[in-house]
Amino acid sequence: MPKEYNHLSIEKKWQKEWERKKTFQAKSKGKKYYSLMEFPYPSGDGLHTGHVRGYTAMDVISRKRRMEDFNVLFPIGWDAFGLPTENYAIKTGIQPAIVTKTNTDNFRKQFKGLGMSFDWSREINTTDPKYYKWTQWIFLQMFKNGLAYKKKMSINWCPKDKIGLANEEVVGGCCERCGTPVEKREKEQWMLAITKYADRLDKDLDLVDYLPQIKTQQRNWIGRSEGAEIDFFCQCQKDKIKVFTTRPDTLFGVTYIVLAPEHKMVGKLLEFLKNRQEVENYIKSVSTKSAIDRMDDKKEKTGVEMKGIRVINPANGELVPIFIADYVLADYGTGAVMAVPAHDDRDFEFAQKYNLPIREVIVPKVTDQTELPRADKKTVERNAIHAIIIDPKTKKILTLRWKKFPWTTFVTGGVEGGEDVIEAARREILEETGYSELKYIKTLGGPVECHFYAEHKDENRKAHFSTIVFELASEKRAIVTEDEKNKHEVAWMSWQELKSDKNLKCAEFFIWDDRFNNPVHAFCDEGVSINSGEFNGLSSEDVKKKITEFAGGKWVETFKLRDWIFSRQRYWGEPIPTVFCENCKKRISNFQFPISNKNSKSEFSEGELANPGWIAIPEKDLPLVLPKVKNYKPTDTGESPLADISSWVNTKCPQCGGKARRETDTMPNWAGSSWYYLRYADPKNSKKFADPKNLKYFTPVDWYNGGMEHTTLHLLYSRFWHKFLYDQKLVPTKEPYQKRTSHGMILAENGEKMSKSRGNVINPDDIVKMYGADTLRVYEMFMGPFDQAIAWDTNSISGSRRFLERVWRLQFKVARGTLANEKNKALATTETLLHKTIQKVTDDIETMHFNTAISAMMILVNEFEKAEKVSREQYEKLILLLSPFAPHIAEELWQVVGNKKSLSAQKWPKADPKKMKESEVSFVVQINGKVRAQMTVPAGQTQDEAVSLAQKMPDVDKWLSGKKIVKTIHIQDRLLNFVIV
RNA sequence: GCCGGGAUGAUGUAAUUGGUAAACAUGCAGCACUCAAAAUGCUGUGAUCGCAAGGUCGUGGGAGUUCAAGUCUCCCUCCCGGCACCA
C-alpha cells in the first residue's frame, strides 16, 4: 500500500478504469437526469481555467445524481464551426477539418485528464456531415414554413481585407484583425423570423427555472412593451402615417411627428415637398454614416422638416409638421413617432434645437404623505400660487413662520376669478407681507397638482400650484392687517436652509427645487392631464387606452428583438441548402399564389413563395457537404470562398431542372448549437435528428449551465429553434432547458481578463500535472462563489492540495473492525458533525455553493484529525461526499479501505436528523445587546433556566449589580439579552 | 441614461436569513522536527488603549427601525456586468 498520495498514478489508473468499464454511459431505463454544460468551441489553445469551472460544476451535479439513483445523461461534443479555425486555415493553408480534428483530440484528452464523467459514446461534432445534415434539415423546415427569408441588410465590410465581417469580428467599430474602421455594405442576407416567437420567448420564461438575472436579461433583450398605434392622416386625407407610442396620454401635446430616414412614406411624399433637395441630401448623409459616426452623433440630434406637407393630430384636429431624423429607428415600432417635447427628453432636445412649440399636457401629481386627504372631508379644488421672493442683497428667500402650526411656507394663496397667476402672487405677497415693489423673474414651469388635507380650513384640497419667482425691488412695506400678523411672521432663509427645514409645508417642494435650480427640461413621468379636452383632470394611466380609442388607434405589443441575420460570407460553416432559379422565380410571379392560403395546391412551399426564385434542395440530398477549397479567403466582392467554385455554384434546379445557382452563404456558428442537446438523446440516428422515443425519455435538459455571455444569443436562439420544432411536433416539450445557471469568469491573477496577448493565461494542463486534476477541481470549486467573477491565485491552490493530502493521510487512522461509540468518545462528537456536514454538502451542491460545501468538509477533516481513531463508516461517508469533487482520490481511498466496487455505484449518504442535534450548545449572555459572557450549556434550556444560569456567572453579575432589568430576551440555544437601566 | 449584481481582515471569502462578525482557506510571524532546507505539526494574526484583567471601536459613507443590523428602510459614493436615441 503506497503511503504517499501520488496523484499522477491514481488519476491515470481511475481514468482508464472508468473508460474500460464504461462507468458513465447513460442507460435507457430508470429515472433520468439530463445535465448539460455548454459544449466548447475547440480552439487551438486548448481548455482554459474557465472551462474547468463550469464543467467541474456540472460533473459534480452529475456524479451526485448518479449516486442518487438517477440514470444520468451527461454528454459532450464540439461546437467546431467558426472563425478562429477558418482564420488559422487562411494563415496556414491547413484544412479546417484537419485543424478541428487536432483540436478536438486535444480537448478530449484534456477532459479525460480532468476526470469528467461524460458519456463518451454520445460525442458529437457540429462539423460532421452526419450531424450538420440535421442542422440543414431543420433550416429547411423553417424555410418551408416561411420563417427563413432573404432581405437586403447592411453588413460590416473591411475595406482593407475586402471581407465581410460578422458582428463578433467588429471591435469598437473596427476590423478585429487589421484595425481598419468598418464600413457598411448592402447585401442580401438570410434572416430567421425569431420575432414571430418574441411573445412566447418572453412569456414562457415563466415555465422555467432560470437564475433571475438570466430571465431579466432575456426579457430586456426581447424588450416587450405595450402601447398604442395611432394614425396621423395627411392633409390630403389619403396617406396616413402610423406611429407607435407608449404614452398616448400625451397625444394632445404632439407638436410634430418624426419619421426614420428609411421610412417607406418618405419616398412617397418626396414629390410633394417644397424642399425635396434638402430632404434627399439629408437621407443620403445619414445612409453613408458609419456605425462609429452614428454613435458619435448621439450627442446632438439632427433632422430636417418635410416642408409643404402636414399631418392631422387625430386628438384635436391640429395640423403639425413632419420631420425626418435619424434619432428615430426604422425597425422599431412603426418607424415613426409622434413628438411630445414637453414630456419626452429626446423630443424636447429636438424641439429646442429646431425651435418647435412645446405644449404641456401632463402635470405632476403629488399627494402629501404627512397630511393625507381624509375620506370624511369634502374636497375643494382650486388654483393656487407659491411666491418665491428673493432678496437680491442676501440671496435669501422670504418664508412665513406660522404661529398656530409648526409650519414654514412660501407666500401661498388661491387664484381669484379674472386674475392670472402673477397678479395673484403679487396680491398675496402684499396682503401677507406688505411688500409691494417686486420684480418678476420667472414662473417655474406649469402647475403641479397637489392633494392634501388642509388642517387650518378642515377640508381636503386638490390644488393646482404654480410657483412664481420675484426679486425684491425695494424693502418698502405696506401695513399688514392684524389678522394676517396673527397668522404668521416673515422669515428669510437661504435655499439650503429651506431644503433642510423639517417644518417646510410643501409636499411638492422637490419639484420646485428641481425647477428652481435646473434648466427647463421635459417632464417624462405620468401625472394628470391638462390641455387635453374632455380628458382634463384624469390621470395618465386612466386615459391611455381612452385617448387611443378616441383617436381611432389600436392597443398593441412591440418588441425590441430583431430578426436573426443568419448568413455568413464565410467558408467554415454549414452550407445553406437552397438554390436560386430565375425560371422558377418567373413561374411563381406568373402564378400569383396567395401565400397565406395553404390549401392552394402548389409545387412550391410557403418559404419558396415568400422568397421567389429561392428553392429548397430536396431533403434526400442532405447533407449538402461543404466542398474542399484551395483558398479559404473570402472573394474580392465579399462573397464566401464557395462563390469561387463554379462547379459547386452552378447546379440544377430541383424544381424545374433548369439552371440554378447555389447559395454560397453559410450558417453562423449559432446554428449547430441551437439544437445539439437534442442530438445527444440519439446521436447516431441517420433517419431522424433524434428518435421521438429517445427525446421523450431524455428531454428536456434538467440542468443547463453556461456562460453569462450566451444569455442573449445562444440561449435565446436555441429556445427559438426548440419552440419551432415543438410547433412542428418534433420535440415533446415547449422549452429545451428546465433550469439554467451561469458561472462567473475566472480572471488572471491581476484581476484582468486572461488572454494570450496579455500573457497571463494559466494552462490547466500544468496544474493537473503538478497538483493533480482533483486538486484543480477542488480549488476551482472552493475559490469563491460560483456565479461571481474571480481572480486566479496560484498560491491558494496548495490549500486544496493540502486538504486532499489530509484526507489521504486519514486512511491510516481508520479503525480496523467496528468501533463502538462508547469506546471512543471522540467518535460520538464527530458523528454529530459528520451528519451536519452531510446535510450541508448535500444542500450546497444543489444551490451551487460549492465553496461552502468544501469548507464544511475541511472542518470535518480537521475534526477527524483531532480524534484518536476514525471509524470506517465515518471515513467512507466523507469519501462519498468528496467523490463528486475529487473523484480519483475518492475512488482510490474507497478501494484502500476495502471496497471492491467503484463508489460511483454507491448511494449518496443521507443525513440522520436525530444525529445532527447537538447535546451541548455555546450560549451567549448579552447586556444591552453587548456580549458579556459565554457558557456551554445543555441544549434546550428554558428562559428561566437560562436566566438562573446566567445570573450565577460573575461576568454577568458584574454588569447587573445595582441595575434594574427592564426586559429579558431569550433565544433558545443561542442567547439571552438583559436590557438594563 | 436605464436594468441587474456588488462593496466585510493583508488576500479569496463565510455568517443557521435580524441573534457571539470574520468560519474555511491563503499569506505573514513565532515555535517544534532538521546539520540545513523543503514538507509537516503547533501557536498567533481586525484596529486601538492597557503591564494585565479588561475596555472601546469595527462589515463603503450618512440617517432610521429594533432589546439586537453585515443582514431590514431611506439617502449618498464607488466598482463590476448588460443594454443603450427602443418612442
Side-chain angles (χ1 to χ4, degrees), chain A residues 211-217 219-221 223-225 227-228 243-247 250 257-258 260 294-295 297-301 325-329 331-340 343-347 349-350 524 558-562 708-709 711-712 744-745 747 751 778-779 782-785 787-800 802-803 805-806 809 836 839-840 843 849 851-862 865 922-934 955 958 966-980:
Chain A
L211 288 185
Q213 311 92 282
I214 298 177
K215 280 194 188 183
T216 334
Q217 214 173 300
R219 287 215 156 98
N220 289 346
W221 187 265
R224 198 189 87 95
S225 77
V243 303
F244 173 73
T245 179
T246 55
R247 293 295 303 274
T250 63
I257 69 166
V258 193
R294 230 172 161 164
M295 266 193 273
D297 288 356
K298 260 185 205 166
K299 281 162 218 144
E300 189 158 345
K301 303 202 183 325
D326 67 349
Y327 81 87
V328 174
L329 305 171
D331 49 5
Y332 181 75
T334 61
V337 302
M338 57 179 228
V340 187
H343 304 296
D344 182 279
D345 288 325
R346 293 153 304 182
D347 298 341
E349 188 196 327
F350 193 80
C524 303
T558 294
F559 299 89
K560 280 202 256 183
L561 188 69
R562 306 289 146 82
M708 205 62 202
E709 70 275 19
T711 303
T712 48
M745 258 202 299
L747 307 167
V778 168
Y779 169 65
F782 181 62
M783 66 197 301
D787 54 354
Q788 235 170 73
I790 199 157
W792 181 266
D793 182 11
T794 300
N795 266 339
S796 298
I797 295 173
S798 52
S800 301
R802 272 177 220 159
F803 166 60
E805 280 175 357
R806 276 185 200 156
R809 270 183 258 125
K836 281 180 147 179
Q839 191 61 51
K840 178 137 185 77
D843 296 345
H849 294 142
N851 51 335
T852 48
I854 290 171
S855 120
M857 287 188 278
M858 286 172 167
I859 294 168
L860 181 66
V861 168
N862 291 347
E865 278 186 334
S922 150
F923 193 85
V924 161
V925 185
Q926 295 183 337
I927 315 285
N928 284 347
K930 281 192 177 161
V931 180
R932 295 302 182 191
Q934 275 181 50
D955 280 350
K958 185 172 80 183
V966 289
K967 201 170 179 181
T968 306
I969 289 116
H970 176 246
I971 311 288
Q972 197 174 58
D973 293 346
R974 208 130 268 288
L975 62 78
L976 196 61
N977 187 11
F978 294 113
V979 184
I980 59 169

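Protein chains get the first letters and strands the later ones, always in sequence-line order, with residue 1 at the start of each.
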[X] [atom1] to [N] [atom2], straight-line distance once rounded to whole Å:
{"X": "A:L976", "N": "B:rU20", "atom1": "CG", "atom2": "P", "answer": "14 Å"}
{"X": "A:F350", "N": "B:rA87", "atom1": "CZ", "atom2": "C1'", "answer": "14 Å"}
{"X": "A:I797", "N": "B:rU11", "atom1": "CD1", "atom2": "C1'", "answer": "15 Å"}
{"X": "A:M858", "N": "B:rA23", "atom1": "CE", "atom2": "C1'", "answer": "12 Å"}

Counting only side-chain nitrogens and oxygens, does [X] get under 4.0 Å of the OP1 or OP2 atom of [N]?
{"X": "A:N851", "N": "B:rA14", "value": "yes"}
{"X": "A:Q788", "N": "B:rU13", "value": "yes"}
{"X": "A:N862", "N": "B:rA25", "value": "yes"}
{"X": "A:R802", "N": "B:rG41", "value": "no"}
{"X": "A:T968", "N": "B:rC67", "value": "no"}
{"X": "A:R806", "N": "B:rA25", "value": "yes"}

Inset, instruction - Would you please name every residue forming a salt bridge (Lys or Arg N to Asp or Glu O under 4.0 Å) with A:R932, sequence neighbours left out? - result: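 Not a single residue meets the salt bridge (Lys or Arg N to Asp or Glu O under 4.0 Å) criterion with A:R932.
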
Legend entry - Contact list for RNA chain B against residues 925-933 of chain A - heavy-atom distance below 4.0 Å: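 Close to the strand are A:Q926, A:K930, A:V931, A:R932.
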
Inset, instruction - Compute the ring centroids of A:W792 and A:Y779, then answer whether they are less than 6.0 Å apart. - result: yes

Legend entry - Base partner of B:rA7, which must satisfy Watson-Crick or wobble distances under 3.5 Å: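 Partner of B:rA7: B:rU77.
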
Inset, instruction - Report the distance from atom CZ of A:R247 to atom SG of A:C524, rounding to the nearest 0.5 Å. - result: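 Here the interatomic distance stands at 7.5 Å.
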
Legend entry - From CD (A:E300) to CD (A:E349), nearest 0.5 Å: 7.0 Å

Rounding to an integer number of angstrom, what distance separates [N] and [M] when you compare their [atom1] atoms?
{"N": "B:rA22", "M": "B:rU71", "atom1": "C1'", "answer": "15 Å"}
{"N": "B:rU43", "M": "B:rA25", "atom1": "P", "answer": "12 Å"}
{"N": "B:rU26", "M": "B:rG44", "atom1": "C1'", "answer": "16 Å"}

Legend entry - Donor-acceptor pair (no angle test) under 3.5 Å: A:S855 side chain, B:rU13 base: no

